[in-house]
Amino acid sequence: MNRPPLPYESLWAFRIVAETGSLTAAAATLGVTQPAVSKRLRDLELTLGCSLVRRGVNAIGLTKAGARFAEELQEGFAQIQAAVDHLQTQSAPLRIRAYTTWALRWLIPRLPRFHAAHQGIDVEVSTSTAIVDLAREGVDAAVHTVPASAAPPFGGRRLQAVVISPFAAPSLMKGAQGRWPGSARLLGSKVRAGDWDLWLRQAGAATTQPPLLFESTTLAIQAALEGLGVVICSPSFVRDEVQTGKLVALSDISIPTGDLYWLFLPTGRVGEALGIFADWLVREAQAENALPDQEP
């Protein structure tokens, strides 16, 4: 025997009435009039063939059958919402927040490999140097640096150590005969303003001029490509430029800064797509860590 389909709007109206205990509050929540809510309840009772609510002069309550039905409906609607959330999570792009240079010169060049292996997962990248509140800002995950001496972030995934080395355009090296161009301008970023001091101290080199600091390492790298000076940065950021001869490495050693890149994930359950991306990102970082010029 075929049964008439249950009216979803009436089921939802009954759920809100059961939750609020008020036709007026339910009407305000649903954005309809109070008589419209009453009609939906009557339609549902007629369809089900039983009374769900007790109507008083100034109040409304649930019958025994209505209270049991409301409890079971709550579980059903929760399952529906979970299914909707899962579907939206799978179809929506992953939103990843990271530092500008790391995103441009490390993550994005690797994304084609990720998309080739996982064609159903898109990744949307935004940049910021500020600490991200994942829940408040609507970001799925973020990449930040954390001091190696600090406690591991809860729920985070370690990616790689931050290492630095100096690079310059070949034109800047003319006449230097492969040695450190001591008179060259030092280039860096305001985000990592102390990297040159760290490098010079550990390398035993000296200079009398302060570095010229740009808003991002990306800008400092571009300035080095134009021959403006020597940039301090991660070797992975300029690997292509070194291989094509646009930049020259001035040292065979990458000095660790004492910071680590971490992938910050939301607390609680991590969705399937984000879990796949996180695992891939860790593998990519581990593969780079195995390269000779990335060893501290």
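Values below: all heavy atoms of this structure, side chains included; hydrogens, waters and symmetry mates excluded. Keep in mind it's a predicted model, so treat the numbers as computed, not measured.
- Using modelled atom types, one side-chain atom of Ser10 and one backbone atom of Arg40 make a donor-acceptor pair closer than 3.5 Å.
- Cluster membership check: Leu260 does not share its hydrophobic cluster with Ile255, using side-chain heavy-atom separations under 4.5 Å among Ile, Leu, Val, Met, Phe, Trp and Tyr.
- Among residue pairs with one or both ends in residues 126-165, those qualifying as ring pair (Phe, Tyr, Trp, His ring centres under 6.0 Å) are Tyr99-His144, His144-Phe264; sequence neighbours excluded.
- No side-chain donor-acceptor contact under 3.5 Å links Ser254 to the backbone of Ser165.
- Around atom CD of Gln243, more than 12 heavy atoms belonging to other residues, nucleotides or ligands sit under 6.0 Å away.
- Across all non-hydrogen atoms, the minimal contact from Ala223 to Phe214 is CB-CZ, 3.7 Å.
- In this structure, the side chain of Glu45 engages the main chain of Val53 through a donor-acceptor pair within 3.5 Å.
- By the 4.5 Å heavy-atom criterion applied to side chains, Leu265 and Phe277 are not counted as neighbours.
- The shortest heavy-atom contact between Glu137 and Ile131 is OE2-O, 4.1 Å.
- Judged by distance alone, the side chain of Trp196 and the main-chain N or O of Leu186 form no donor-acceptor pair under 3.5 Å.
- Side-chain atoms of Phe14 and Leu52, non-hydrogen and from C-beta on, do get closer than 4.5 Å to each other.
- Among residue pairs with one or both ends in residues 67-76, none qualify as salt bridge (charged side-chain N to carboxylate O under 4.0 Å, His left out); sequence neighbours excluded.
- The shortest side-chain heavy-atom distance between Leu11 and Phe69 falls under the 4.5 Å cut-off.
- Pairs passing the salt bridge (charged side-chain N to carboxylate O under 4.0 Å, His left out) check and including a residue from residues 213-234, sequence neighbours excluded, read Lys190-Glu215.
- Looking at every heavy atom in both residues, Arg157 comes nearest to Ala278 through NH1-CB, 3.9 Å.
- The line from SG of Cys233 to CD1 of Ile221 is 4.0 Å long, rounded to the nearest 0.5 Å.
- Contact between Ala168 and Leu250 at its shortest, heavy atoms only, is CB-CD1, 4.2 Å.
- You'll find the side chain of Arg192 reaches within 4.5 Å of the side chain of Asp195, heavy atoms only.
- Applying the ring pair (Phe, Tyr, Trp, His ring centres under 6.0 Å) definition to pairs two or more places apart or across chains, none involves residues 221-241.
- There is no path of hydrophobic side-chain contacts, each under 4.5 Å, that joins Val139 to Ile276.
- The distance from atom NE2 of His118 to atom CG of Asp279, rounded to the nearest 0.5 Å, is 9.0 Å.
- In this structure the side chain of Pro266 reaches within 4.5 angstrom of the side chain of Leu274, judged on heavy atoms.
- Geometric assessment of Arg105 against the ring of Trp102 yields a negative cation-pi assignment under the 6.0 Å and 45° thresholds.
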Discussion item. Could you go through Phe114 and Ile121, starting from their C-alpha distance and side-chain angles, then the distance that decides it, and tell me whether this counts as side chain to side chain contact (heavy atoms under 4.5 Å, CB included)?
Written reply: CA-CA 9 Å; Phe114 177 78; Ile121 304 176; 3.9 Å; yes
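- Within the model, atoms CZ of Arg201 and CG of Asp197 stand 6.5 Å from one another, a figure rounded to the nearest 0.5 Å.
- The minimum heavy-atom distance linking Ala98 with Ala103 is given by the pair CB-CB, 4.3 Å.
- Side-chain contact between Trp262 and Thr145 is absent, with no heavy atoms from C-beta onward closer than 4.5 Å.
- Ion pair Lys39/Asp43 flagged as a salt bridge, since at least one NZ, NE, NH1 or NH2 atom sits closer than 4.0 Å to an Asp/Glu carboxylate oxygen.
- To the nearest 0.5 Å, atoms CZ (Arg15) and CD (Gln74) are separated by 4.5 Å.
- Annotation for Ser51 and Thr63: closest pair O-OG1, 2.9 Å, computed over non-hydrogen atoms.
- Residues Leu111 and Val125 have side chains in contact (heavy-atom distance under 4.5 Å, counting atoms from C-beta outward).
- Of the inter-residue distances, the one linking Gln202 atom CD with Thr257 atom OG1 reads 9.5 Å to the nearest 0.5 angstrom.
- Considering only residues two or more places apart in sequence or on other chains, His115 meets the ring pair (Phe, Tyr, Trp, His ring centres under 6.0 Å) condition with none of them.
- Under the 3.5 Å distance criterion, with hydrogens and angles disregarded, a donor-acceptor pair is assigned to the side chains of Trp106 and Glu288.
- The cluster map of Ile, Leu, Val, Met, Phe, Trp and Tyr, joined by side-chain heavy atoms under 4.5 Å apart, puts Leu134 and Leu94 in different clusters.
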Checklist entry - Yes or no on side chain to side chain contact (heavy atoms under 4.5 Å, CB included) for Leu187 and Leu228, after CA distance, side-chain angles and deciding distance? => result CA-CA 8 Å; Leu187 309 176; Leu228 185 61; 4.3 Å; yes
**Step-by-step side-chain hydrogen bond (donor to acceptor under 3.5 Å, both in side chains) determination, Thr20 to Ser22** = CA-CA 5 Å; Thr20 62; Ser22 166; 5.3 Å; no
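- The closest donor-acceptor contact from the side chain of Ser171 to the backbone of Gly227 lies at 3.5 Å or more, if one exists at all.
- Hydrophobic clustering keeps Val231 apart from Leu213 (ILVMFWY residues linked when any side-chain heavy atoms are closer than 4.5 Å, directly or through intermediates).
- Considering only heavy atoms from C-beta on, Leu225 comes within 4.5 Å of Leu247 through its side chain.
- Taken together through direct or relayed side-chain contacts under 4.5 Å among Ile, Leu, Val, Met, Phe, Trp and Tyr, Val132 and Val123 form parts of separate hydrophobic clusters.
- Ile96 contributes atom CD1, which lies 7.0 Å from atom CG of Leu263 (distance to the nearest 0.5 angstrom).
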Go through it in stages, so that I can follow the logic: the residues are Phe167 and Val230, the test is side chain to side chain contact (heavy atoms under 4.5 Å, CB included), and I'd like the CA-CA distance, side-chain angles, deciding distance and then a yes or no. CA-CA 6 Å; Phe167 299 89; Val230 180; 5.9 Å; no
Side-chain donor/acceptor pairs under 3.5 Å, residues 23-34, sequence neighbours excluded:
unit_1: Thr24; atom_1: OG1; unit_2: Gln34; atom_2: OE1; d: 3.0
unit_1: Thr29; atom_1: OG1; unit_2: Ala25; atom_2: O; d: 3.0
unit_1: Thr33; atom_1: OG1; unit_2: Ala36; atom_2: N; d: 3.3

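- Checked by atom type, the side-chain pair Ser126/Arg97 shows a donor-acceptor distance below 3.5 Å.
- In this structure, Asp140 contributes its side chain and Arg95 its backbone to a donor-acceptor pair below 3.5 Å.
- Considering Leu281, Leu159, Val146 as possible partners of Tyr261, the one that fulfils the side chain to side chain contact (heavy atoms under 4.5 Å, CB included) test is Leu159.
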| task | Dump the intermediate steps for side chain to side chain contact (heavy atoms under 4.5 Å, CB included) on Val17 and Leu41, then the final yes or no. | result | CA-CA 9 Å; Val17 169; Leu41 292 182; 4.2 Å; yes
